[in-house]
Amino acid sequence: MKIIILNEAKAPDPLNNVEKRCAVTPNSAQRLVKKGATLLLEAGAGQLSGYSDNEYEEAGVTVIDDVNDALSSADMLVAVNKPIDAQLALMKKEAIVVGHLDPFFQQPLIESLAEKGLTAISVEMIPRSSRAQKMDALSSQASLAGYVMVMQAANKLPSILPMMMTPSGTIKPAKVFIIGAGVAGLQAIATAKRLGANVLAYDTRPVVAEQVESLGGKFLKIDIGETGQTKDGYAKELTDEQKAKQQEAQRDAIADSDIVITTAQLFGRKPPVLISKDTLALMKPGSVVVDMAATSGGNVEGSVAGETVEVNGVTVIGNGYWSQFVAKAATDMYANNIYNLVDEFFDDETKSFGLNLEDDILAGCVITHDGKITNDMLNNAYKGA
């Protein structure tokens, strides 16, 4: 089984972001080589996450300069993001492509993968089940994002997070309000609490209140009627009336906060706008808001994808690419997710990836196979259902 790993730093994305992560580390690569896989890594792929080509070569990886020459013989192409169409065009039919493929918003790419006869594994579609936890890349990167967003907000806040008692007086702890208590939100709560802030959090799913409180945060209770979560643990979309009630109830908490972090993202849909410019105007000058969803539509009115801006005297951070700010940790976690995925389905006798589409994990994350888009949820989304 020949696996190719791309150097994704070569081509910046439309927001001019240079990918710093890599899909394997020397450690995860060595484990794959020991299983019998052949790994070819595009030169410099790990450099921005702290891993040299020499480290990969010592792990048994072949480092190549021109990945295009090897793509036609690859059994699997592993990436952090989506490969470019020119690379996919060089691959043989039935080869496997693995990465963050953003399938709900990349219909032409997914259709192209199907037309080329490639098998696509979208890591975003890995089910949130106990068995799949070790390969859940979406959660591992979101956890790092929660940490990074608090650190970025703390760096922009013209005060400190913990209470400080000095001979010249006492500085009160900062008030941090976190909207959304999923993986990223919970990590943000834990990080802000460890830094000494007073933390308040809200989520449309009352079931997470206990988790918030176990981390030392307080849970804001808002009665907006029936809410819940999907079978995969994602918050369900609210009605317009519920959104209005939610924003009204959150207004006082936002106005009273030094830092607000929004983490509300809906799986496969545009994120909801949670904070208006009018609400931002109620915050104290110098306050900081971090919009986790800025690059996919935004939770905050006035946030700009990929940038930090000032809106009504409030610093609004919409940088995105959160886990890349800690690229080594992000690479380590993602590489382990990829190793665990390959290891779970690796056939030791044939030294190949066993593509059992009856398996519940592969049934969820394999989205194209044998010339077709195989995921019903995607097919319905593309038809507008």
Side-chain angles (χ1 to χ4, degrees), residues 3-33 39-71 74 76-84 86-88 97-102 123-124 135 137-152 155 184 187 290 292 294-296 305-308 317-342:
I3 303 174
I4 290 184
I5 301 98
L6 296 178
N7 177 357
E8 297 174 67
K10 282 186 172 181
D13 74 2
L15 289 176
N16 210 31
N17 171 67
V18 174
E19 179 60 65
K20 298 182 180 69
R21 297 167 295 176
C22 181
V24 300
T25 60
N27 179 272
S28 72
Q30 186 175 50
R31 286 184 287 162
L32 287 169
V33 170
L39 268 65
L40 282 71
L41 177 128
E42 191 173 10
Q47 187 172 350
L48 295 183
S49 53
Y51 295 113
S52 68
D53 288 346
N54 286 341
E55 289 177 271
Y56 285 103
E57 288 176 326
E58 288 170 4
V61 176
T62 301
V63 176
I64 56 176
D65 290 319
D66 189 355
V67 72
N68 291 339
D69 291 341
L71 283 171
M76 179 180 282
L77 175 65
V78 178
V80 179
N81 301 297
K82 51 188 181 294
I84 60 174
Q87 293 169 327
L88 298 174
V97 178
V98 183
H100 289 90
L101 303 180
D102 195 17
V123 296
E124 299 100 320
M135 55 192 86
L138 209 58
S139 291
S140 71
Q141 300 302 295
S143 182
L144 291 171
Y147 167 85
V148 167
M149 289 187 292
V150 172
M151 301 307 293
Q152 290 201 3
N155 284 334
Q187 185 58 246
V290 185
M292 183 182 183
T295 54
S296 57
E307 295 183 24
T308 297
I317 302 173
N319 297 344
Y321 312 106
W322 309 106
S323 65
Q324 289 197 58
F325 285 88
V326 286
K328 187 176 188 301
T331 290
D332 290 349
M333 292 178 78
Y334 185 68
N336 282 332
N337 294 144
I338 294 299
Y339 171 79
N340 289 328
L341 173 68
V342 175

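- Rounded to the nearest 0.5 Å, atoms CG (L39) and CZ (R31) are 12.0 Å apart.
- The two residues G320 and F325 make their nearest non-hydrogen contact at O-CE1, 3.6 Å.
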- Query: Between V342 and L32, is a side-chain contact (heavy atoms from CB on, under 4.5 Å) present by the stated rule, with each step listed?
  - Reply: CA-CA 8 Å; V342 175; L32 287 169; 3.8 Å; yes
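- Taking both residues in full, the closest heavy atoms of Y56 and G46 are given as OH-CA, 3.8 Å, listed atom of the first, atom of the second, then distance.
- Heavy atoms only, all atoms of each residue included: L6 and A79 are closest at CD1-CB, 4.2 Å.
- Although no hydrogens or angles enter the test, the distance criterion places no donor-acceptor pair under 3.5 Å between the side chain of Q152 and the main chain of M149.
- Under the 4.5 Å side-chain criterion, counting only non-hydrogen atoms from C-beta, L88 is in contact with V97.
- For the atom pair CE of M333 and OG of S143, the computed distance is 5.0 Å after rounding to the nearest 0.5 Å.
- Y147 OH: 12 or fewer foreign heavy atoms inside a 6.0 Å radius.
- Annotation for D66: atom CG counts as buried by contact number, over 12 foreign heavy atoms lying within 6.0 Å.
- Between V98 and the choices L341, V80, L77, I3, the side-chain contact (heavy atoms from CB on, under 4.5 Å) rule is met once, by L341.
- Inter-residue side-chain proximity for E124 and D102 is flagged as met; some heavy-atom pair is nearer than 4.5 Å.
- Residues D332 and Y51 are in side-chain contact: their nearest non-hydrogen atoms beyond the backbone lie under 4.5 Å apart.
- Other residues, nucleotides and ligands place no more than 12 heavy atoms under 6.0 Å from the CD atom of Q47.
- Atom CG of D53 is separated from atom OG1 of T62 by 11.5 Å, given to the nearest 0.5 angstrom.
- Residues N319 and T308 have side chains that bring a donor and an acceptor to within less than 3.5 angstrom of each other.
- Proximity of a side-chain donor or acceptor of Q141 to a complementary backbone N or O of S323 within less than 3.5 Å is not detected.
- Between the side chain of N7 and the backbone N or O of A43 there is at least one donor-acceptor pair closer than 3.5 Å.
- The distance from atom CD of E42 to atom CD1 of I4, rounded to the nearest 0.5 Å, is 9.0 Å.
- Between A305 and T295 the shortest heavy-atom distance is CB-CA, 3.8 Å.
- Taking CZ of R21 as the reference point, atom NE2 of H100 lies at 6.0 Å (rounded to 0.5 Å).
- Between the side chain of E19 and the backbone N or O of N81 there is no donor-acceptor pair closer than 3.5 Å.
- In this structure, the side chains of M151 and V326 stay at 4.5 Å or more apart for every pair of heavy atoms.
- Using a 4.5 Å heavy-atom threshold, the side chains of P83 and L101 count as touching.
- Around atom CG of D65, no more than 12 heavy atoms belonging to other residues, nucleotides or ligands sit under 6.0 Å away.
- Here the CG atom belonging to L40 is positioned 7.5 Å from the CD1 atom belonging to I5, to the nearest 0.5 angstrom.
- Of all the heavy atoms in T331 and S49, the pair that sits closest is OG1-CB, 3.2 Å.
- For the residue pair W322 and M292, the shortest heavy atom distance occurs at NE1-O, 3.2 Å.
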